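Structure first, commentary second.
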Protein chains: 2
Amino acid sequence: MTLSEEDYIKAIYHLGKGENTTVSTNAVAEQMETKPSSVTDMVKKLSDKGVANYKPYKGVSLTEYGKKIALSLVRKHRLWEVFLVEKLNFSWDEVHEVAEQLEHIKSEKLIDQLDKHLGFPQVDPHGDPIPSKKGEFKKTIKKLLNEVPVGTSGICVGVKDSSPPFLKFLDKNKIALGDTILVHDKEEFDGSFDIKIKESTIHISNQIATNLYLKITE
Amino acid sequence: MTLSEEDYIKAIYHLGKGENTTVSTNAVAEQMETKPSSVTDMVKKLSDKGVANYKPYKGVSLTEYGKKIALSLVRKHRLWEVFLVEKLNFSWDEVHEVAEQLEHIKSEKLIDQLDKHLGFPQVDPHGDPIPSKKGEFKKTIKKLLNEVPVGTSGICVGVKDSSPPFLKFLDKNKIALGDTILVHDKEEFDGSFDIKIKESTIHISNQIATNLYLKITE
DNA sequence: ACAAATATTTAGATTTGTCTAAATATTATT
DNA sequence: AATAATATTTAGACAAATCTAAATATTTGT
Ligand SMILES: [Mn+2]
Ligand SMILES: [Mn+2]
Ligand SMILES: [Mn+2]
Ligand SMILES: [Mn+2]
């Protein structure tokens with residue numbers, strides 16, 4: 001597959017939410033930041049190659065073969081993102097653009113060894129699951145910290161309240177997007193929590209807990 | 001620069017031995033495994049872009065700007081090769097093809113951090129020098145082990161005698177291409193050597209020493 | 001059910017990088 | 001110096017990926 005074909009395959013995969021759902025030409029065009037006419041040309045080609053099912057005016061979906069390719073691309077993209085954060089000190093929001101390029105490097109040994117080098121990570125820095133070599137992975141869901149049972153660990157992926165005071169609080173307490181958080185204990189009396197974040201355990205009020213989103217593996 | 005333009009720039013650089021030497025259309029075509037007519041088209045474009053000097057029928061050379069680009073590509077290529085060998089357990093002869101792809105990834109932060117992650121290596125797994133961010137590097141030369149002064153360290157890059165018995169000897173003594181060898185001591189009486197290779201010191205006869213090529217930094 | 005709005009495809013053009021075959025320039029040989 | 005051999009460029013074609021403008025199909029609203 002060419003770089004461009006690969007990016008279209010990923011776009012169809014993501015728009016279809018990982019299922020073999022049919023997606024519209026315009027949706028793909030928007031995702032790819034291109035024109036609908038370009039999409040029509042490309043999906044015809046993908047269809048010819050056995051990667052996608054395409055019926056004029058009826059949208060496009062991935063074949064099983066196409067889905068395999070998509071999963072392998074997602075795997076590569078997310079492993080590279082882990083590498084950039086864990087080994088090269090990239091921050092949460094800098095990795096995507098570079099991973100978008102690295103995912104197209106062709107070498108099976110490269111990606112297998114990278115996986116090993118990183119200790120076979122299960123999720124990327126955004127908390128999204130990394131498919132195995134066979135394309136298997138666990139689903140993840142986004143929940144507020146106060147809604148998950150004690151003992152759960154997840155990745156901090158967002159805030160409900162994005163006011164400056166709250167963001168300042170997070171900064172002062174060294175809580176950042178992309179951090180892994182373990183919900184250590186819950187105080188029934190006031191709904192406050194003890195959480196473990198980067199080796200240290202801190203105490204947060206219920207109000208904080210109801211404004212932090214975690215991505216957890218089911 | 002596009003991927004293709006970058007590969008042409010590197011080809012002109014290497015054929016010109018790192019100087020701004022003029023190289024012929026056919027030489028570039030052979031190096032790039034393409035046709036001379038394609039080279040003519042491309043060098044015209046590189047000339048328009050201020051990367052190369054081109055006079056019809058007279059060959060092509062890099063401008064100072066072109067040389068800067070070439071050095072940055074060589075830097076990226078060689079850093080990735082070190083990464084593949086040091087971190088991902090690739091062997092000496094597997095790295096080039098993958099580095100040929102990785103060198104085109106666009107991210108200044110990526111390459112700076114990779115350099116740091118690898119401990120600012122001076123040479124790649126083939127013993128070739130890695131240009132600094134500013135494009136500076138030390139020249140290296142290839143010499144037989146018995147010709148270098150005691151105390152010199154270099155990378156094993158080849159053999160003079162490639163007969164099966166010799167190669168078997170190297171294998172048995174765990175001497176492989178790409179290994180760093182320190183010439184520890186020389187016995188004047190019989191011309192034999194003590195060499196340090198991967199933590200352990202071994203003794204080799206003069207006959208072995210006269211058949212091993214080292215690449216050393218001047 | 002029909003018109004209007006929206007979505008999608010087709011036609012034709014452009015850029016990049018490549019190729020083959022033919023033309024032209026340079027270099028080597030006698 | 002003329003001819004032969006070699007090197008290089010030009011002309012014209014093609015595939016990939018994109019675009020704009022026009023044509024056509026589908027969906028929506030009354
Ligand atoms: Mn990403
Ligand atoms: Mn991509
Ligand atoms: Mn190489
Ligand atoms: Mn390359």
Side-chain angles (χ1 to χ4, degrees), chain A residues 1-16 21-62 65-66 69-70 73 97 100-101 103-106, chain B residues 1-16 21-62 65-66 69-70 73 97 100-101 103-106:
Chain A
M1 298 293 148
T2 67
L3 189 149
S4 197
E5 286 167 351
E6 289 186 344
D7 280 340
Y8 273 96
I9 291 169
K10 268 204 332 172
I12 297 167
Y13 175 82
H14 283 132
L15 289 167
T21 318
T22 294
V23 297
S24 76
T25 300
N26 273 13
V28 176
E30 195 179 336
Q31 173 84 10
M32 293 289 298
E33 298 182 68
T34 185
K35 302 291 166 184
S37 54
S38 305
V39 175
T40 302
D41 286 345
M42 183 56 92
V43 297
K44 277 180 189 165
K45 200 187 348 166
L46 293 178
S47 183
D48 288 345
K49 286 198 170 193
V51 168
N53 303 302
Y54 167 65
K55 286 271 158 60
Y57 295 103
K58 299 300 176 196
V60 64
S61 65
L62 292 181
Y65 172 46
I69 295 172
L73 288 164
E97 190 194 348
E100 200 57 48
Q101 299 177 59
E103 69 192 357
H104 303 288
I105 304 290
K106 266 98 185 157
Chain B
M1 298 294 147
T2 66
L3 189 149
S4 197
E5 287 168 349
E6 289 185 344
D7 280 339
Y8 272 97
I9 292 170
K10 267 205 332 171
I12 297 167
Y13 175 81
H14 282 132
L15 289 168
T21 319
T22 296
V23 297
S24 76
T25 301
N26 273 14
V28 176
E30 194 179 336
Q31 174 84 8
M32 292 289 297
E33 298 182 64
T34 185
K35 301 292 166 183
S37 55
S38 305
V39 174
T40 302
D41 286 345
M42 184 55 91
V43 297
K44 276 179 188 165
K45 201 188 346 167
L46 293 179
S47 182
D48 288 346
K49 287 198 169 191
V51 167
N53 304 302
Y54 167 64
K55 287 269 159 60
Y57 296 102
K58 298 301 176 194
V60 65
S61 65
L62 292 181
Y65 173 46
I69 296 171
L73 288 164
E97 191 194 350
E100 201 56 48
Q101 299 177 60
E103 69 192 357
H104 303 287
I105 303 292
K106 265 97 184 159

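None of the values given here were measured: they were computed from a predicted structure. Here is the naming used below: chain letters follow the sequence lines, and residue numbers restart at 1 for every chain.
Using a 4.0 Å cut-off on heavy atoms, the residues of residues 6-16 of chain A that approach DNA chain D are A:Y8, listed by number.
Residues meeting the salt bridge (Lys or Arg N to Asp or Glu O under 4.0 Å) test with A:K58, sequence neighbours left out: none. B:E100 is linked by a salt bridge (Lys or Arg N to Asp or Glu O under 4.0 Å) to B:K10, counting only residues two or more places apart in sequence or in another chain. A:Q101 meets the side-chain hydrogen bond (donor to acceptor under 3.5 Å, both in side chains) test with no other residue; sequence neighbours excluded. With sequence neighbours excluded, no residue forms a salt bridge (Lys or Arg N to Asp or Glu O under 4.0 Å) with A:K35. Qualifying side-chain contact (heavy atoms from CB on, under 4.5 Å) partners for B:N26, counting only residues two or more places apart in sequence or in other chains: B:S24, B:P36. The side-chain contact (heavy atoms from CB on, under 4.5 Å) check on A:T21 picks up A:E19, with sequence neighbours excluded. Listed by chain and number, the residues in a salt bridge (Lys or Arg N to Asp or Glu O under 4.0 Å) with A:K44 amount to none (sequence neighbours excluded). With sequence neighbours excluded, the residues forming a side-chain hydrogen bond (donor to acceptor under 3.5 Å, both in side chains) with B:S61 are B:N53, listed by chain and number. A:E30 is linked by a side-chain contact (heavy atoms from CB on, under 4.5 Å) to nothing, counting only residues two or more places apart in sequence or in another chain.
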Nucleotide N/O to protein N/O under 3.5 Å, stretch nucleotides 20-22 of chain C:
residue	atom	partner	partner atom	Å
C:dT20	O4	B:S37	OG	3.1

N/O-N/O pairs, protein side and nucleotides 23-26 of chain C side, under 3.5 Å:
residue	atom	partner	partner atom	Å
C:dA25	O4'	B:Y57	OH	3.4

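Computed from coordinates, the B:M42 CE to C:dC19 P distance equals 11 Å when rounded to whole Å. A:N26 places its CG atom 15 Å from the P atom of D:dT26, with the value rounded to the nearest Å. In this entry the distance linking CG of B:L3 with P of D:dA16 reads 17 Å, nearest Å. For B:D41 and D:dA11, the CG to P distance is 11 Å, given to the nearest whole Å. As a whole-Å value, the separation of A:K55 NZ from C:dT8 P is 16 Å.
Salt-bridge annotation for A:K106 and A:E6: present, with a side-chain N of the basic residue lying under 4.0 Å from a carboxylate O of the acidic one.
Nearest heavy atoms, B:I9 versus B:M1: CD1-SD, 4.2 Å.
Mapping A:S4 and B:K44 onto DNA chain D by nearest heavy atom places B:K44 at the nucleotide closer to the 5' end.
Residue B:T34 places at least one side-chain N or O under 4.0 Å from the OP1 or OP2 atom of C:dC19. Taking only side-chain nitrogens and oxygens, B:Y54 never comes nearer than 4.0 Å to OP1 or OP2 of D:dT8.
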